[in-house]
There are 2 protein chains.
Amino acid sequence: MQRYFLEKNLQGPNLILPKDIFHHAITVMRMRVGAKFEVVTPDEFVNIMEVTEIKGKVAKAKLVSKSRQTVEMPKQAVIVCGLSKGDKAEWIVQKGTEMGAAKFIFFQGDYSVAKWDQKKQKRKLERLYKIAQGAAEQSHRTQVPDVEFIAKVADLELPATALGLVAYEEEAKQGEKTMLMQTFENLRNKDALWAVFGPEGGLAPKEVETLLDKGFAKAGLGPRIMRAETAPLYFLASMSFYLELAHDLG
Amino acid sequence: MQRYFLEKNLQGPNLILPKDIFHHAITVMRMRVGAKFEVVTPDEFVNIMEVTEIKGKVAKAKLVSKSRQTVEMPKQAVIVCGLSKGDKAEWIVQKGTEMGAAKFIFFQGDYSVAKWDQKKQKRKLERLYKIAQGAAEQSHRTQVPDVEFIAKVADLELPATALGLVAYEEEAKQGEKTMLMQTFENLRNKDALWAVFGPEGGLAPKEVETLLDKGFAKAGLGPRIMRAETAPLYFLASMSFYLELAHDLG
């Protein structure tokens with residue numbers, strides 16, 4: 001069933017379709033009276049709605065049933081990525097959203113070739129949020145990940161309630177194998193895991209030092225060297241596997 | 001260091017650069033006498049070579065040192081994918097190779113929109129193998145994954161030495177959580193895990209039945225619905241995490 005996100009919780013059983021939902025549901029999808037769709041509200045309820053009336057540019061729907069689903073990771077996964085060339089950011093946001101990321105923070109790495117000036121930032125973030133929203137709808141999530149931008153890793157502040165990792169290629173080459181697993185285990189008393197990934201050129205040693213000072217720990221992601229846009233997905237899938245599929249048995 | 005794959009093991013310490021390596025190393029990378037590069041041989045040795053002579057279209061290199069690296073997964077991951085539209089196959093092969101896949105098998109799914117006729121098959125497979133080779137070099141692997149095509153899942157034969165999974169969206173929706181982990185554990189006495197993924201439209205129930213008859217087991221890949229090209233990466237990262245990073249601790 002088609003799924004949409006509402007910015008406000010339902011006030012009662014009846015809903016006048018917001019402009020964007022009207023456009024997609026009635027104009028694009030050609031839904032008629034009696035057609036059903038889902039709206040996900042900030043309270044994380046999935047509400048099954050039925051179209052009850054369509055008059056010109058106004059359509060109404062009524063609540064048929066509501067349910068809560070646990071499709072979000074038990075701990076927040078925050079993906080911090082250096083800017084890479086081309087559409088890699090779009091790509092990381094789309095796939096990362098499907099894999100359960102709670103938030104994306106992009107930064108201008110010392111080795112980043114791509115640059116986002118003030119004007120570009122706004123445009124890019126709007127576009128990336130739209131991509132996150134589309135992917136969240138498509139993957140039936142109940143939350144849309146935030147997308148933010150910071151100028152440099154030095155601006156990163158790791159919350160006390162979160163653990164932090166740096167995916168550092170050197171660690172992988174040196175065969176560091178235990179930190180990722182250990183960090184997943186240590187999440188018990190935390191609510192989020194922030195993972196930092198360099199841009200195509202990698203992280204500068206100075207950037208890694210800065211992150212270590214801020215409480216991030218270096219971790220290897222297996223013996224193979226992955227592209228900048230691949231490593232975050234490896235991390236997210238591993239975290240989902242550990243927390244959502246393997247933990248009871250682990 | 002630039003890495004190339006040789007189809008034959010080194011015969012002694014000296015090598016006359018094959019055409020493709022000559023083109024990339026000497027013509028494109030402009031290597032000169034004294035320049036070093038790596039060649040990976042079928043015996044899985046990584047050989048450090050040094051250019052010793054360049055005369056016209058002929059270049060020679062000598063072996064400086066050789067080492068064996070364990071960058072391949074301890075068990076083979078075979079990715080079986082229904083054909084999807086656009087460049088999704090290219091994409092799955094590139095990222096899947098970075099994540100350690102041993103082989104890719106594409107098939108014409110009952111719900112596949114894309115079609116590969118005889119002529120297209122050859123061209124596509126050649127192109128996909130080139131992508132696999134490039135990704136294997138870039139991710140410093142010692143093996144290049146094979147890429148094959150079969151007309152339908154009914155043509156799939158699961159070897160006795162392998163376990164088989166079907167990533168079935170319905171299972172994810174129904175909250176199937178244990179099969180993936182259990183299968184990783186059961187790999188102890190096997191040498192490969194074959195995982196089947198539907199095309200964009202998903203697998204037809206009849207295809208799933210066929211696979212179950214062939215010994216494949218249905219498995220959920222977490223609570224979120226992933227796109228056809230995302231699910232194989234979730235699977236590969238989970239397998240790598242379990243076998244290469246978590247197993248000792250698990």
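Residue numbers begin at 1 in each chain, while the letters A, B, ... track the order of the sequences. Here the structure is a predicted model, which is why all the values come from computation and not from measurement.
- Both the backbone and the side chain of B:M73 have a heavy atom closer than 4.5 Å to some heavy atom of chain A.
- Using a 4.0 Å cut-off between a side-chain N of Lys or Arg and a carboxylate O of Asp or Glu, B:E98 and B:R141 do not qualify as a salt bridge.
- Between B:K36 and B:E50 there is a salt bridge, since at least one side-chain N of the basic residue sits less than 4.0 Å from a carboxylate O of the acidic one.
- Taking A:M179, A:M99, A:E72, A:M226 one by one and counting their heavy-atom pairs under 4.5 Å with chain B, the maximum is reached by A:M99.
- Interface summary for chain A: among B:A231, B:A135, B:A237, the most heavy-atom pairs under 4.5 angstrom belong to B:A237.
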- Task: Take A:V40 and A:Y4 through the test side-chain contact (heavy atoms from CB on, under 4.5 Å) and record every step on the way to the result.
- Result: CA-CA 6 Å; A:V40 181; A:Y4 302 107; over 6 Å; no

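- Contacts between A:E229 and chain B at a heavy-atom distance below 4.5 Å involve the side chain alone, from C-beta outward.
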- Yes or no on side-chain contact (heavy atoms from CB on, under 4.5 Å) for A:H24 and A:D20, after CA distance, side-chain angles and deciding distance? CA-CA 6 Å; A:H24 189 270; A:D20 54 338; over 6 Å; no

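- When each of B:T97, B:L180, B:T230, B:T70 is scored by its heavy-atom pairs under 4.5 Å with chain A, the top score falls to B:T230.
- A cation-pi arrangement is present between A:K66 and A:F45, with the terminal nitrogen or guanidinium carbon under 6.0 Å from the aromatic centre and inside a 45° cone about the axis.
- Contact tally against chain B (heavy-atom pairs below 4.5 Å) for A:M239, A:R227, A:K95: the top residue is A:R227.
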